[in-house]
Amino acid sequence: MSLLALIWGSSYLVLKRALVVFSPAQVAAARMAIAAMFMLPIAIPNFRKIPRDKWAILIVFALMTNALITYLNALAQSQISSSLNGIVSALTPVMTYLIGITLYGQRGSRPQSMGLILGLAGSIILVFFGQKAGFGTINLFVLVAIGAAFFTGFAANMIRFNLQGLTVMQISSMGFVLVFPLALAYTLYSDFIPTALGSMDGQIALFEVTFLAILANVAGIILFTKLVEISNPVIASLVTYLVPVIALGWGIWDGELINIYQLIGMAIIILSVWIVGKTIRGE
């Protein structure tokens, strides 16, 4: 879990650097294309092993985790700091719990509900007091980051309840390969390749995108899927308990300014994650 937190926590700073050269859509598409090519040798032998009744949900899972979430993270990162984006990711366990009780019939408790309320309160603080937003001004890009946390929670529940019977590598590899045609088409259609090869900055950004694809996406999804398999969606998503701390540390190192409201929002969110995780671990 610590390794996954280190990878995902560090990825926000790397994403920030890549977005200096590429657009959010280009970064997301290229990450998916590179990750899919990396996983293709694993996916090909598994095509015939996937039951027919799992293909539809696998496609939804792939579009959600490897297309939508990746794009939302990049879009949010293009307008807010890497530390703030990482802080918002701590909402993932709360979102996982919310989706579990509303859509998957999981039983909740009063302490867990209190944790959910606290998490939402912390989110509101970040929305109204995040970067480029003052009181009374909604920071839409913080909402985008919250959306990424929401869909990550959704994906965690899908792994546990909709994709049972599939192995970690089947879920992970198919999740990338199924979005490969769309990702490759956009990467080739845009000016990603000329930009990447046209200057030293482009080549460095290409390396950063490749880092994100192989570590944050491929290794991250494999580790996360394995955590869900051996525990439960909320316990697995508790990795985001450490992600904001790591992202915050990198952000401060990179000279980002953190205001008191962001720290308060992060503290409330982490408290909500601790409450939800503690009650579930005790079940």
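Both backbone and side-chain heavy atoms feed into the values below; hydrogens, waters and symmetry mates do not. On a predicted model such as this, the values are computed, not experimentally measured, just so you know. In this chain, numbering begins with 1 at the start of the sequence shown.
Remark: the backbone N or O of S190 is not paired with any side-chain donor or acceptor of Q26 at under 3.5 angstrom. Counting only distance, with no hydrogens or angles, the side chain of S89 and the backbone of G86 share a donor-acceptor pair below 3.5 Å.
Under the side-chain contact (heavy atoms from CB on, under 4.5 Å) rule, M32 has a single partner from V27, N66, T187, which is N66.
Ring geometry for W250 against W253 counts as perpendicular: the plane angle is over 60°, on a 0 to 90° scale with 30° as the lower cut. Ring geometry, F47 versus W55: the interplanar angle falls under 30°, so the pair is classed parallel (tilted spans 30 to 60°).
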**Study point:** From CA spacing to verdict: side chain to side chain donor-acceptor pair (under 3.5 Å), Y12, D254
**Key:** CA-CA 11 Å; Y12 291 100; D254 198 46; over 6 Å; no
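Atoms CD and OG1, from E208 and T210 in turn, are 9.5 Å apart once rounded to the nearest 0.5 Å. S173 OG to L58 CG: the interatomic distance, rounded to the nearest 0.5 Å, is 9.0 Å. To the nearest 0.5 Å, atoms CD1 (I80) and CG (L75) are separated by 9.5 Å. Going from atom CZ of F61 over to atom CD1 of I159 covers 4.0 Å, rounded to the nearest 0.5 Å. Note that CD of Q77 and CZ of F141 are 12.0 Å apart. Values are rounded to the nearest 0.5 Å. Residue I214 holds its CD1 atom at 10.0 Å from CG of N217, rounded to the nearest 0.5 Å.
With a 4.5 Å cut-off on side-chain heavy atoms, M158 and I99 do not count as touching. The shortest side-chain heavy-atom distance between F161 and I57 does not fall under the 4.5 Å cut-off. The closest side-chain heavy-atom distance from F154 to F150 is below 4.5 Å. Between K54 and Q170, every side-chain heavy-atom pair lies at or beyond the 4.5 Å cut-off. Here the side chains of P24 and L19 are in contact, with some heavy-atom distance below 4.5 Å. Residues L166 and P51 have side chains in contact (heavy-atom distance under 4.5 Å, counting atoms from C-beta outward). Put simply, the side chain of T152 does not reach to within 4.5 Å of the side chain of M95, judged on heavy atoms.
The environment of F207 atom CZ is sparse: at most 12 non-hydrogen atoms of other residues, nucleotides or ligands sit within 6.0 angstrom. The environment of CG in L215 is crowded: more than 12 heavy-atom neighbours from other residues, nucleotides or ligands sit within 6.0 Å. Residue-environment remark: CZ (F38) stays at or below the threshold of 12 foreign heavy atoms within 6.0 Å.
Grouping the Ile, Leu, Val, Met, Phe, Trp and Tyr side chains by contacts below 4.5 angstrom, directly or via other members, places L63 with I171. No continuous path of hydrophobic side-chain contacts links V209 to I204 [ILVMFWY only; heavy atoms under 4.5 Å].
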